[in-house]
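Heads up, the thing below is written out as structure tokens.
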Amino acid sequence: MLFDRLLKIAAWLSLAAILFVTVSPIGLRPHDVMSVRDDRALAFTTMAFLFVVAYPRRFWVCAVLVIFGAAAIEFLQYLSPTRHARLEDAAVKAVGAAIGVGLGFAANWVLRPRAD
């Protein structure tokens, strides 16, 4: 029960972090050793994985929201004058989210008990 609650908190915190990084001025964007494309994909893979594992009974809702939400989050950059939304970036985020959904589904299938 505590683990489930922590998964939900982690999922929502990951979404909040992605939203902050996406719409904040470019100077506030964290820098790391990965390429920007890989960084985007990994962030959305992680977030989608967390949501699917945290809400296993809402698999389809999570899958649709995180994949289509990737494009919506990209277009939030129009709210920031120092950022720009690009279709390629939205596609990278959506592919990362789809990978996370698949990994989350696999984790739920292996780790969660199923009713027979």
Side-chain angles (χ1 to χ4, degrees):
M1 177 114 162
L2 177 63
F3 184 69
D4 290 339
R5 192 166 282 182
L6 290 175
L7 276 173
K8 289 176 182 174
I9 291 169
W12 287 102
L13 286 175
S14 69
L15 175 61
I18 286 172
L19 286 169
F20 173 77
V21 169
T22 300
V23 298
S24 66
I26 197 73
L28 294 178
R29 187 181 191 284
H31 300 285
D32 55 26
V33 296
M34 297 174 64
S35 73
V36 175
R37 177 180 240 176
D38 293 342
D39 192 38
R40 289 178 182 128
L42 183 60
F44 276 81
T45 299
T46 303
M47 180 193 62
F49 174 83
L50 288 170
F51 270 103
V52 169
V53 172
Y55 297 96
R57 293 183 180 166
R58 307 253 190 280
F59 169 77
W60 288 109
V61 172
C62 289
V64 169
L65 289 178
V66 297
I67 292 170
F68 287 107
I73 289 171
E74 178 66 18
F75 289 111
L76 283 176
Q77 290 186 7
Y78 283 119
L79 299 176
S80 175
T82 63
R83 304 299 296 265
H84 58 280
R86 293 182 25 196
L87 186 58
E88 179 185 340
D89 294 345
V92 167
K93 292 173 180 179
V95 168
I99 291 169
V101 166
L103 292 173
F105 178 81
N108 283 338
W109 190 77
V110 170
L111 300 175
R112 301 263 183 181
R114 291 175 293 282
D116 293 327

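Any value given below was found using the heavy atoms of this structure, including those in side chains, with hydrogens, waters and symmetry copies removed. From a predicted model like this one, the values you see are computed outputs, not experimental measurements.
- Annotation for Val36: hydrophobic cluster partners, listed by chain and number, are none (ILVMFWY side-chain heavy atoms under 4.5 Å, direct or chained).
- Every residue meeting the side chain to side chain contact (heavy atoms under 4.5 Å, CB included) condition with Leu13, not counting sequence neighbours, appears here in chain and number order: Ile9.
- Listed by first and then second residue, the salt bridge (charged side-chain N to carboxylate O under 4.0 Å, His left out) pairs involving residues 4-28 are Asp4-Arg112 (not counting sequence neighbours).
- Under the salt bridge (charged side-chain N to carboxylate O under 4.0 Å, His left out) criterion, the residue pairs touching residues 92-103 are Glu74-Lys93, with sequence neighbours excluded.
- Scanning for ring-ring contact (aromatic ring centres under 6.0 Å, His included) contacts around Phe51 gives Trp12, with sequence neighbours left out.
- With sequence neighbours left out, Phe59 forms a ring-ring contact (aromatic ring centres under 6.0 Å, His included) with Phe105.
- The minimum heavy-atom distance between Val53 and Leu7, with the atom names listed, is CG1-CD1, 3.5 Å.
- Here CD of Gln77 is found 9.5 Å from CZ of Phe75. Values are rounded to the nearest 0.5 Å.
- Under the rule for a side chain to side chain contact (heavy atoms under 4.5 Å, CB included), the partners of Leu103 that lie at least two apart in sequence or sit in another chain are Thr45, Phe49, Ile99.
- Linking Ile, Leu, Val, Met, Phe, Trp and Tyr whenever their side-chain heavy atoms come within less than 4.5 Å leaves Phe68 and Ile73 in two separate clusters.
- The side chain to side chain donor-acceptor pair (under 3.5 Å) pairs that include a residue from residues 58-70 number zero, where partners must be two or more places apart or lie in different chains.
- For the residue pair Ala90 and Ala71, the shortest heavy atom distance occurs at CB-CA, 4.0 Å.
- Considering all non-hydrogen atoms of both residues, Leu15 and Met47 come closest at CD1-SD, 3.6 Å.
- Of all the heavy atoms in Val66 and Ala48, the pair that sits closest is CG2-CB, 3.8 Å.
- In this structure Leu65 satisfies the side chain to side chain contact (heavy atoms under 4.5 Å, CB included) test together with Val61, sequence neighbours excluded.
- Cluster annotation: Ile67 and Val92 are assigned to distinct hydrophobic clusters (Ile/Leu/Val/Met/Phe/Trp/Tyr, side-chain heavy-atom contacts under 4.5 Å, transitive).
- Met1 shares a hydrophobic cluster with no other residue; no ILVMFWY side chain has heavy atoms under 4.5 Å from its own.
- The side chain to side chain contact (heavy atoms under 4.5 Å, CB included) check on Ala91 picks up nothing, with sequence neighbours excluded.
- Screening residues 33-56 for salt bridge (charged side-chain N to carboxylate O under 4.0 Å, His left out) gives Arg29-Asp39, Arg37-Glu88, Arg40-Asp89 as the qualifying pairs, with residues at least two apart or on separate chains.
- Contact between Leu50 and Ala10 at its shortest, heavy atoms only, is CD1-O, 3.8 Å.
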